[in-house]
Amino acid sequence: MLTDPLLKIRQEFCIKCYSCVRICPVNAIRVDVNSEFPSIIPERCIGCGSCYRACSPGAIIYRSSIEETKILLSSGQKVAAICDPMISGEFHDITDYRKFVEMIRQLGFSLVSETSFGVDLVARKYKEIFNNFKGKYHISANCPSVVAFIEKYYPELITNLAPIVSPMVATAKVIRQKYGPDIKIVFIGPCIATKDEALKFEGDARIDAVLTFVELRQLFTMFNIRESQLEFSDFDPPYGFKGNLYPISNGILQCVDINENLLTGNVITSEGRHNMLNSVKEFDSGIEMIKRHFNIFYDDGCLMGPGTSAGGEKFVRMSLVVDYANKRQNTVDNTTWNTDISSCENIDLSRQFLADDQRLPIPPEEKIDEILKMIKREGEKDNEVGCETCGYTNCREFAIAISQGLATTDMCHVFSRRNRQEYIKTLRTTNEKLARIKVALKESEEKAKQEQEAQKETGDIISTMLQKLLSGVVIVDEKLKIVQSNNAFIRILGEEASMVDEVIPGLAGADLKALLPIHIYKMFSYVLATDEPIENKDVQHEDNKISVSIFPIRSHKYVGAILRDMYAPEVRKEQIVKRLTEVIDESFDTVQKIAYLLGEGAAKTEQMLNSVIESHKNPTKS
Ligand code: SF4
Ligand code: SF4
């Protein structure tokens, strides 16, 4: 038999609505923190099928038994179908149950029987236990989800589970006793948890496959089996009597007249998800006060089992079951039934249960508080009540599940909405900031562009002006490489510099050392190192006398220099003007004295000297 997990979630169909998480009664569905997809934890699952029913996109599927049934049917071995009496509630579209039996035979089953006889047997065992109270109250063990729930979440109650096999297993034993131990058995029913229950039994209790009603319908479609083409065929014996009431929760009690009277009876029947959880909880905490046995089913009996077709209505199904049970009990021959029951007296219907504790440790209070604080639900009231949209009854339960790694904070819609709002707010602020930065960037880009253009313009002007100057001008950097120079400078340096200028216009980047004699080069080094200017220093360069002024432009970074060829005519005139002016200034006192002595003669002397100066300033007048 296949041992794939009973249920699985197909992520490709999952819309992350978490309906499955909310409905799971035992927190067996974990949400992955990273992918946010839910996944079923098989060890924690009790096979109730609630998640399967709640998943509207059909992302959850259960383990199919169609292929293994087909293999069994084509194996050449004898295969018996044993049908749950819930067929009456499910297959009301088939006009007569005998047509239904024939349809199953058409699939290749060599024998078609019903589990109602197994119900009759098991119910008698319950009557024995309930009527012979020996100080211990029991919980019925017919619903496999209830059994799994107790084994996993109330393991100390396994000794209170009635030690009796389910009607499915009892029927398998009966069939093997009657038709031989080798016969293969396929159970057809409304439940999916029976698929896992069947895995637990071997020998004469073995169930070789479990088909849900939905799977049976699929097989009918697959093999194109329709009742209109078929004749009646009855079930193979043994026939059940009142066991056909089994799909209704208290049907098993009524089929052997177990006293349900509120005043005189000692059995409580509980059905449905909520009631199942509460009844086990109360049995655990207060059986000494309750003082009654419990007959518990997870679903509304088997009427609404997850293996039935979707859309069924509970009370319609219940009525159909009752009608069918009535019809069948009227056709059963009491003597035959009694004989059949007697022939099964020797069949061992006992069962044991295995504790499989899946309870998770409760985290320390500080941890719970920390999580409640994180999801901003630390208020006292939040601990007691909750919106339950996360799937947990209150915020405290939710915080515990987060701590146990079963849930994530995003499952709280209040928290995620608040987070989203904060995120949107942060996004908005960031966007506004970004917009402001963008504008500022554009402005500064514009400004930089303008400054660059202004600088270029100034540079061009300075460069043009430099070229117009008669004196040589050069600017060098900290490595004494030429940054800028004018034509007069190149002219003063001589022919070699002119040749370099042809290759590197303006000598930009040229090494000053290679172009100037060492004594002038050293003057540049000196100013660069000391920041002290050198003014009008006359130096010899080749055949020329040069007046050199060197001054720092930026401390230890840039140095500028003005070089004048003292033999150049314009410089000579300038020098004569300068010297004469100095003579006039220096001789002014003397001239005044002479003027005082010579009267008008002094004015003439000054006039004469000025005209000399003028004539040198402007040669055309001379
Ligand atoms: S079958 Fe039931 S117990 Fe298992 S995961 Fe689904 S809801 Fe939970
Ligand atoms: S019920 Fe669960 S598996 Fe189905 S779509 Fe919603 S989250 Fe996914």
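Atoms within a ligand are numbered from 1 in the order they appear, just like the ligands themselves.
- Residue contact check: Cys51 has heavy atoms under 4.0 Å from atoms 1 (S), 5 (S), 6 (Fe), 7 (S) of ligand 1.
- Against a heavy-atom cut-off of under 4.0 Å, Gly49 is close to the following atoms of ligand 1: 1 (S), 2 (Fe).
- The aromatic rings of Tyr62 and Tyr52 lie perpendicular to each other, with more than 60° between the two planes, well past the 30° mark.
- At the top of the distance list for atom 8 (Fe) of ligand 1, counting protein heavy atoms only, stands Cys24 SG, 2.4 Å.
- Using a 30° and 60° split on the angle between ring planes, Phe213 and Phe91 fall in the perpendicular class, above 60°.
- Contact annotation: for Ile60 versus ligand 1, there are no heavy atoms closer than 4.0 Å.
- Near Cys48, with a cut-off below 4.0 Å to any heavy atom, the atoms of ligand 1 are 1 (S), 2 (Fe), 3 (S), 7 (S).
- Taking every heavy atom of Cys14 and a limit of under 4.0 angstrom, the matching atoms of ligand 2 come to 5 (S), 7 (S), 8 (Fe).
- Nearest-heavy-atom check against atom 3 (S) of ligand 1 across Ile46, Ile192, Ile40 picks out Ile46.
- From the protein, the heavy atom lying nearest to atom 4 (Fe) of ligand 2 is Cys55 SG, 2.3 Å.
- Environment of CD in Gln352: sparse, with no more than 12 heavy atoms of neighbouring residues, nucleotides or ligands closer than 6.0 Å.
- Taking the ring centre of Tyr97 as origin, the terminal cationic atom of Arg328 falls inside the region bounded by 6.0 Å and 45° from the ring axis.
- For the pair Lys291 and Tyr137, the cation-pi test (distance below 6.0 Å, angle within 45°) is failed.
- When heavy-atom distances to ligand 2 are checked against a 4.0 Å cut-off, Cys20 comes that close through both its backbone and its side chain.
- Looking at Asp300 and Arg273, no side-chain N of the basic residue comes within less than 4.0 Å of a carboxylate O on the acidic one, giving no salt bridge.
- The parts of Ile15 lying near ligand 2 are both backbone and side chain, judged by heavy-atom distances below 4.0 Å.
- If you look at Val26 next to ligand 1, the close heavy atoms, those under 4.0 Å, all belong to the side chain.
- When only non-hydrogen protein atoms are considered, atom 6 (Fe) of ligand 2 lies nearest to Cys17 SG, 2.3 Å.
- Contacts between Leu7 and ligand 1 below 4.0 angstrom, taking non-hydrogen atoms only, involve the side chain exclusively.
- With a 4.0 Å cut-off on non-hydrogen atoms, Pro38 touches ligand 2 through its side chain and not its backbone.
- Remark: ligand 1 atoms within the under-4.0 Å shell around heavy atoms of Ile29 are 5 (S).
- Ring orientation note: the planes of Phe100 and Phe220 are nearly perpendicular, at an angle over 60° on the 30°/60° scale.
- Between the Ser350 side chain and the Ile164 main chain, no donor and acceptor come within less than 3.5 Å of each other.
- Using a cutoff of 4.0 Å between basic side-chain nitrogens and carboxylate oxygens, Asp120 and Lys125 are not scored as salt-bridged.
- Using a 4.0 Å cut-off between a side-chain N of Lys or Arg and a carboxylate O of Asp or Glu, Glu43 and Lys152 do not qualify as a salt bridge.
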